[in-house]
Structures are given as structure tokens and as C-alpha cells.
Engineer: 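Let me give you the structure first, and then I'll get to my questions.
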Number of protein chains: 2
Amino acid sequence: MSFMKFSKTTEYAFRILSFMAQDETKLYNVDEIFEKLRVPYRYLRKLMTNLTRSGFIVSIQGKNGGYKISRKTEEIRLLEILQAVDPEYLSGKCFFGFDNCALQVPCIMHDQWTIVRTNINNILAGTSLADVKQTKND
Amino acid sequence: MSFMKFSKTTEYAFRILSFMAQDETKLYNVDEIFEKLRVPYRYLRKLMTNLTRSGFIVSIQGKNGGYKISRKTEEIRLLEILQAVDPEYLSGKCFFGFDNCALQVPCIMHDQWTIVRTNINNILAGTSLADVKQTKND
DNA sequence: CATAAATGACACCTTGAGGTATTATATAAT
DNA sequence: ATTATATAATACCTCAAGGTGTCATTTATG
Ligand code: SF4
Ligand code: SF4
């Protein structure tokens with residue numbers, strides 16, 4: 001594992017949704033998304049279904065079907081995506097990974113780390129798909 | 001995986017070394033460390049050997065043997081430990097996980113994320129084992 | 001209706017992190 | 001020398017994330 005790196009699945013979700021945010025009315029199909037983003041084809045198929053279940057996109061089945069963003073891109077925040085894709089996010093509180101801390105006085109990392117996490121949360125909560133819609137990388 | 005959480009191994013390394021930093025002259029044996037920290041016994045054994053190879057501690061074999069911190073605790077920074085235990089750290093640069101970015105102008109996350117990472121790096125580089133030696137959690 | 005083109009469902013494979021089991025080696029104490 | 005007690009080495013097990021393969025279902029269109 002590598003610290004400060006999102007899971008592949010999270011990165012993929014960010015890529016997919018920020019790409020689809022470029023035109024929030026358009027119906028994208030998987031092949032089109034696959035062309036643009038570097039996501040393994042069948043895994044992408046699976047993720048699209050998951051993102052549909054999560055409610056970020058809606059799917060139209062059958063011929064000429066595809067996916068489109070389900071809500072206004074300004075309303076979908078990166079934090080919401082992260083939480084949906086990685087439910088364990090924010091589960092760990094202690095820098096040292098202790099389940100329950102028995103220190104009388106918090107260690108030197110406690111507050112510093114809380115601040116860092118809050119900072120990151122604010123960034124992710126403050127950034128919407130509309131803000132990153134240009135991330136196509138073609 | 002869960003974002004913003006160190007790997008178990010990294011957490012363990014932090015715990016072990018910050019515990020041993022309480023007395024940098026003392027020879028700790030595995031059983032003693034196992035008593036205090038919540039690290040699976042045999043995995044702890046393995047980690048101790050790895051930390052020895054990494055040079056953070058020295059081992060004395062044989063009866064009455066054990067481990068002790070190899071350098072001044074003020075000189076061992078958390079960043080150094082993290083890098084030794086998690087070599088992939090800092091490998092990923094792009095927020096979206098792209099191997100090579102083709103954007104003409106960097107996306108909105110680029111600078112923000114660079115700042116966050118720099119911030120974290122500064123904290124980890126600015127904190128030594130001496131600063132966290134009280135983290136015993138018994 | 002038949003077909004083609006799209007998504008959905010489900011089972012399986014692979015890989016690395018974390019963890020376990022066993023045996024080998026070193027050394028202080030008697 | 002023998003024994004007890006410590007670490008070292010090595011091989012194996014487990015589980016979830018990431019990834020693949022195959023077939024089923026939906027629906028526009030001729
Ligand atoms: S005080 Fe330190 S050891 Fe205790 S929970 Fe906070 S970070 Fe963890
Ligand atoms: S500009 Fe955005 S997409 Fe490009 S490397 Fe930086 S973070 Fe990644």
C-alpha cells in the first residue's frame with residue numbers, strides 16, 4: 001500500500017465522473033469512456049454499474065443506451081464520491097492506528113493530524129464535479 | 001483500502017519505534033514490546049528483523065538479547081521511517097492517478113494536492129521519535 | 001418478430017498485504 | 001559442554017482489491 005494515494009477504484013471513479021461531467025446532458029456509453037480514460041474495460045463496466053447503484057449516474061439500457069450524470073455537476077462533491085466508493089474513509093482516527101487510546105494527554109501527532117484531515121476534507125467537500133470537468137486527459 | 005490511513009505495517013513501525021524511543025539505551029525484547037503494543041506476535045517478530053535491516057534498531061542475539069534504538073531519537077524522523085517501510089510513498093503524483101497527464105493547463109486539484117502533500121511531508125519530516133516517545137498506550 | 005447494440009449479473013482468477021508455523025542460529029549462564 | 005533464551009530465516013496460509021470471462025437482459029430499429 002502507499003500512503004496518500006487513493007485506491008484504484010476511487011481514482012477510476014473520479015476520472016469517470018469528471019469526464020462525464022463535461023457534458024451533463026450527454027448519454028455516454030462504456031466504449032466511449034473506455035477510449036478516453038485508462039480503465040480496464042471489464043472493470044470499467046463493473047464500475048459503471050456500481051456508480052449507477054450509488055446514484056451518481058443513471059443508466060439507459062438497450063440499444064443506443066448509455067449513462068449520464070444524474071444530478072447537477074455543481075452539486076456532486078468529490079467527498080461524496082469518495083465516501084460512496086471507499087466506505088472505510090474516515091474510519092481511522094488515531095495516527096498510530098490504536099483502537100482506543102489510553103494516553104492521559106494526547107500525543108503530539110493528535111491535533112496535527114486532525115488538522116490535516118480536516119483540511120483534506122474541506123478540499124474534497126469544496127470541490128464539485130463542475131470544478132474538475134475539464135480533466136479529460138486525452 | 002481506506003484513504004488517509006497508513007498501512008498496518010507503517011502503523012506498527014511507528015508504534016514500535018516510538019515505544020522503544022522512551023529509553024534509547026534500553027535493550028527491549030520482543031515479548032516486552034508485544035505486551036505493550038497491539039501487534040500480532042509473529043508478525044511483530046518479523047517486523048523487528050525488518051526494522052533492524054532498515055537500520056533503525058540494532059539487534060543483540062542470544063540469551064538476554066533484544067533490540068535497541070540505533071541512533072539518537074532526535075535524529076530519526078517519522079518521514080524516514082515511512083519511506084523505509086512504504087517505499088511506494090510519494091510515487092503517485094496525480095490526484096486522478098494518471099501516469100502521464102496531457103492537460104494543457106493543470107486541473108484545479110493539481111496545486112491543491114501538491115500543497116497538501118507538502119504539508120504532510122513537512123509534518124512527518126519535522127517530527128522525530130523524541131517528539132512521540134510518550135506514545136506508549138498501555 | 002428478429003436482430004443488433006447496449007447494460008446487468010455472476011462466477012472466477014491474480015496479486016500483494018498481513019499473518020502464522022516451524023526450524024535454525026546465536027549466546028549467556030550453569 | 002549443555003541448556004535455556006533470545007533473534008533469524010524460510011515457507012506457507014488468508015483475504016480483499018483489482019481484474020477477467022461468460023452469459024443474461026433490455027430496447028431501438030428494420
Ligand atoms: S493521542 Fe496520539 S496515540 Fe492517542 S489517539 Fe491521538 S494520535 Fe493516537
Ligand atoms: S493536472 Fe490534474 S490530471 Fe493532470 S497530473 Fe495534475 S492532478 Fe493529474
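FYI, side chains are in, hydrogens and waters are out, and symmetry mates aren't considered; it's all heavy atoms of this structure. Chain letters run A, B, ... following the sequence lines, proteins first, then strands; residues in each count from 1.
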Engineer: What integer distance in Å separates A:F6:CZ from D:dA17:P?
Structural biologist: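 Rounded to the whole Å, the gap is 17 Å.
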Engineer: According to the interplanar angle, ranging from 0 to 90°, do the rings of A:F95 and B:F6 count as parallel (below 30°), tilted (30 to 60°) or perpendicular (above 60°)?
Structural biologist: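 The arrangement is perpendicular - the two ring planes meet at more than 60°.
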Engineer: Checking B:Y67 now: which residues fulfil ring-ring contact (aromatic ring centres under 6.0 Å, His included) with it, not counting sequence neighbours?
Structural biologist: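 With neighbours one apart ignored, the set is empty.
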Engineer: Measure the distance from OH on A:Y67 to C1' on C:dA5 and round it to the nearest whole Å.
Structural biologist: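 In whole Å, C:dA5 C1' and A:Y67 OH are 13 Å from each other.
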Engineer: Within this structure, what is the CD-to-P distance between B:E88 and C:dT15, rounded to whole angstrom?
Structural biologist: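 Result: 16 Å.
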Engineer: Which of residues 54-66 of chain B sit near DNA chain C, with a heavy atom under 4.0 Å from it?
Structural biologist: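 The stretch gives B:Q61, B:G62, B:K63, B:N64 as the residues lying under 4.0 Å from the strand, ordered by number.
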Engineer: Tell me, do B:D23 and B:K68 make a side-chain contact under 4.5 Å, heavy atoms counted?
Structural biologist: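 SC-SC contact between B:D23 and B:K68 ruled out.
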Engineer: Using whole Å, report how far CD of B:E32 lies from P of D:dA6.
Structural biologist: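 In whole Å, D:dA6 P lies 11 Å from B:E32 CD.
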Engineer: To the nearest Å, give me how far apart NZ (A:K5) and P (D:dA17) are.
Structural biologist: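 Atom NZ in A:K5 sits about 16 Å away from atom P in D:dA17.
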Engineer: Report the distance from atom CG of B:D31 to atom P of D:dA4, rounded to the nearest whole Å.
Structural biologist: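 B:D31 atom CG is separated from D:dA4 atom P by 17 Å.
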Engineer: Which distance, rounded to the nearest 0.5 Å, do you find between the CD of A:E88 and the CD of A:Q83?
Structural biologist: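 If I round to the nearest 0.5 Å, the distance is 13.5 Å.
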Engineer: Going by the angle between their ring planes, with limits at 30° and 60°, are B:W113 and B:F3 parallel, tilted or perpendicular?
Structural biologist: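 Parallel: the ring planes of B:W113 and B:F3 meet at under 30°.
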Engineer: Taking the side chain from B:Q22 and the backbone from B:F19, do they hold a donor-acceptor pair closer than 3.5 Å?
Structural biologist: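 Present.
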Engineer: Taking DNA chain D as the partner, which of residues 40-49 of chain A come within under 4.0 angstrom of it by heavy atom?
Structural biologist: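 Nucleic-acid contacts, sorted: A:P40, A:R42, A:Y43, A:K46.
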Engineer: So, the side chain of A:D131 versus the backbone of A:S128: is there a donor-acceptor pair under 3.5 Å, distance only?
Structural biologist: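 At least one qualifying donor-acceptor pair exists.
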Engineer: Do the side chain of A:S18 and the main chain of A:R15 share a donor and acceptor less than 3.5 angstrom apart?
Structural biologist: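 Checking the backbone N and O of A:R15 against the side chain of A:S18, a donor-acceptor pair under 3.5 Å is found.
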Engineer: Heavy-atom count around A:R38 CZ within 6.0 Å, excluding the residue itself: above 12?
Structural biologist: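 Check fails, neighbour count at 12 or below.
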Engineer: Rounded to whole angstrom units, what separation is found between the CZ atom of B:F3 and the P atom of D:dA17?
Structural biologist: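 Taking CZ of B:F3 and P of D:dA17, I get 17 Å after rounding.
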Engineer: Hey, is the side chain of A:Y12 poking within less than 4.0 Å of OP1 or OP2 on D:dG19, counting only N and O atoms?
Structural biologist: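 Yes, such a contact exists.
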Engineer: Between C1' on C:dG19 and CZ on B:R38, what's the gap in Å once rounded to a whole number?
Structural biologist: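 In whole Å, C:dG19 C1' and B:R38 CZ are 17 Å from each other.
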